[in-house]
Asks: 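Got a structure for you, questions after.
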Protein chains: 2
Amino acid sequence: MFPPIFAFCVYTEGMRASEKAYESLRHDIVQWCLAPGTVLAEVEQSARLGVSRTPVREALARLVADGLAVQQRGRGVVVSEVSLEHLDDLFDLRRALECEAARLACRSPRRAEFADLATAFTAAAHTEQIDSATEDYYQLVARLDELIDQAADNAYLATALRNLRVHLQRVRRLAKDHPARLRASANEHAQIAHAIASGNTDLARAATTMHLHQSFQHITHFATDLKGTND
Amino acid sequence: MFPPIFAFCVYTEGMRASEKAYESLRHDIVQWCLAPGTVLAEVEQSARLGVSRTPVREALARLVADGLAVQQRGRGVVVSEVSLEHLDDLFDLRRALECEAARLACRSPRRAEFADLATAFTAAAHTEQIDSATEDYYQLVARLDELIDQAADNAYLATALRNLRVHLQRVRRLAKDHPARLRASANEHAQIAHAIASGNTDLARAATTMHLHQSFQHITHFATDLKGTND
DNA sequence: TCTCCCACTTCTGTATACAAGAGTCTTGTA
DNA sequence: TACAAGACTCTTGTATACAGAAGTGGGAGA
């Protein structure tokens, strides 16, 4: 009765079926278990997830609202494409949002908390084998993102960022992590955290802009490599 | 194609029942026909809209995703509150997004099209009885918004702005339109359109910032009046 | 052999039936 | 009279049945 791919959601207990279906599908799409272009037929998914069509429909509607799937006339919904064509658009919006978040965080009474994170990032940048601790590193990044969101204290901004980060997660899968890039990224994050901790708005925006620029360059470069060699 | 701002749906013909329910509920919420706090019971709404519970459920889920309604445990969904408490947050995000849109529009090959709109806004500002042509004026604003979206040519940004503008529409209802404010607003919009037409990024951002600041001040001022007198 | 048309299959969209849970009202007891 | 407990009702959450539409495949005709 248990669906094949469902290792991540331990807590199906008190969850509604529609919630379960949504989380499962969302996870599978973000993690590329369901590749772009995959048709999400209602009956097929309801069988796979072990629930009826009704909650699956609700889940699919939410995925379409998230932009993770698109509704095709007559053909149901399919997993949306991940295109590098609009990566610059994604990053334009991301820069606008993250710079604003950084600005607001600079004015937060909690901004001192960023000093510890800055130290942690600097340490991470000097870790010998950073590529073997990728998961830890990404968790650190998540902590910084979360702290910025909390310090910015703007629900509208947080929602916009949340909607955006899903797409980013999918795109990121296109680029493998190189140790050199991870190290550089850690340093950039340290700079951002430092800037916020010091309350320097201009510096925080600049650091954020720099980091996003480097990240964009990395993904673009690697994705081109991928297309040329593997794809 | 889709109308930019659903003036309302006369076109229930080829529409799915769920779409119809969504547009109808969304319209009623934005137009304050359904006041904040109103309980959106599924059976009640399905009877009112003449469709069954299934499409109503789908519509309600979308409204919750939009932030126009909130799901209350055990009590179904209710129309979300419109609070002035977080108006500054709304405008912080709005400034970030609209400034970015204006910046991108400045780089668009279509930026020359803004010159005509600038002229139209200047004319509107000099209309004798601007308060009797409020609808026309708001349509002009909608045209500018739409043109900026198109010129910015960034689907992610357009989505974020669309999500935000719904909340703004609701808040705007708190403040009556005064002729003086409408005139000033028309001039501010003319400035924005002029700046974009000339391709001056800094000027476009400044004009946008100024307009949003004035708009924020107006709503804040009036809303305080409202609370003191009518409410 | 190619093309067009018709029928069949399969899918979505909608309605409705059923079950579980929460809230409320009523009644009984202290 | 007030409080508590139980039952009832209303609501949501889920499953399923049915209808309509769209795609597909096969057969017939040119």
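Worth knowing before you read on, the calculation uses all heavy atoms, side chains too, and leaves out hydrogens, waters and symmetry mates. Every chain is numbered from 1 and lettered A, B, ... according to where its sequence line falls, protein lines coming before strand lines.
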Asks: If you round to the nearest 0.5 Å, how far is CZ of A:Phe121 from CZ of A:Arg143?
Replies: 8.5 Å
Asks: Kindly write out the residues that satisfy ring pair (Phe, Tyr, Trp, His ring centres under 6.0 Å) with A:His218, not counting sequence neighbours, or none if the list is empty.
Replies: A:His178
Asks: Once you round it to whole Å, what is the distance between P of D:dG20 and CZ of B:Arg16?
Replies: 18 Å
Asks: Looking at DNA chain D, which of residues 60-71 of chain A put a heavy atom within less than 4.0 Å of it?
Replies: none
Asks: Under the rule for ring pair (Phe, Tyr, Trp, His ring centres under 6.0 Å), what residues qualify as partners of A:His211, not counting sequence neighbours?
Replies: A:His189
Asks: D:dT11 C1' sits how many Å from B:Gln45 CD, rounded?
Replies: 14 Å
Asks: Among residues 51-58 of chain B, which contact DNA chain D at a heavy-atom distance under 4.0 Å?
Replies: B:Arg53, B:Arg57
Asks: For residues 81-89 of chain B, dump all side-chain donor-acceptor pairs below 3.5 Å to protein atoms at least two apart in sequence or in another chain.
Replies:
residue, atom, partner, partner atom, Å
B:Ser83, OG, B:Glu85, N, 2.8
B:His86, ND1, B:Asp89, OD2, 3.3

Asks: Do the side chain of A:Tyr22 and the main chain of A:Glu58 share a donor and acceptor less than 3.5 angstrom apart?
Replies: no
Asks: In whole angstrom, what separates A:Leu49's CG from D:dA15's P?
Replies: 11 Å
Asks: When you measure from the side chain of B:Tyr137 to the backbone of B:Ala186, do you find a donor-acceptor pair of N or O atoms at a distance under 3.5 Å?
Replies: yes
Asks: For C:dG13 and B:Ser18 - does any side-chain N or O of the residue sit under 4.0 Å from the phosphate oxygens OP1/OP2?
Replies: no
Asks: Using a 6.0 Å cut-off, check whether atom CZ of B:Arg107 has over 12 heavy atoms from anything other than its own residue.
Replies: no
Asks: My understanding is that a pair needs two contacts under 3.5 Å, Watson-Crick or G-U wobble. By that rule, which nucleotide pairs with D:dG13?
Replies: C:dC18
Asks: Of the listed nucleotides (C:dT14, D:dT11, D:dT14), which one gets closest to any side-chain atom of A:Ala17?
Replies: D:dT14
Asks: Please list all pairs passing the ring-ring contact (aromatic ring centres under 6.0 Å, His included) test where one or both residues lie in residues 37-56 of chain A, with sequence neighbours left out.
Replies: none
Asks: Take the protein atom CD of A:Glu42 and the nucleotide atom P of C:dT12, then report the distance between them rounded to whole Å.
Replies: 4 Å
Asks: In a check of side-chain contact (heavy atoms from CB on, under 4.5 Å) between B:Gln31 and each of B:Arg173, B:Arg26, B:Arg170, which one passes?
Replies: B:Arg173
Asks: Using whole Å, what does the distance between atom P of nucleotide C:dG13 and atom CG of A:Leu40 come to?
Replies: 13 Å
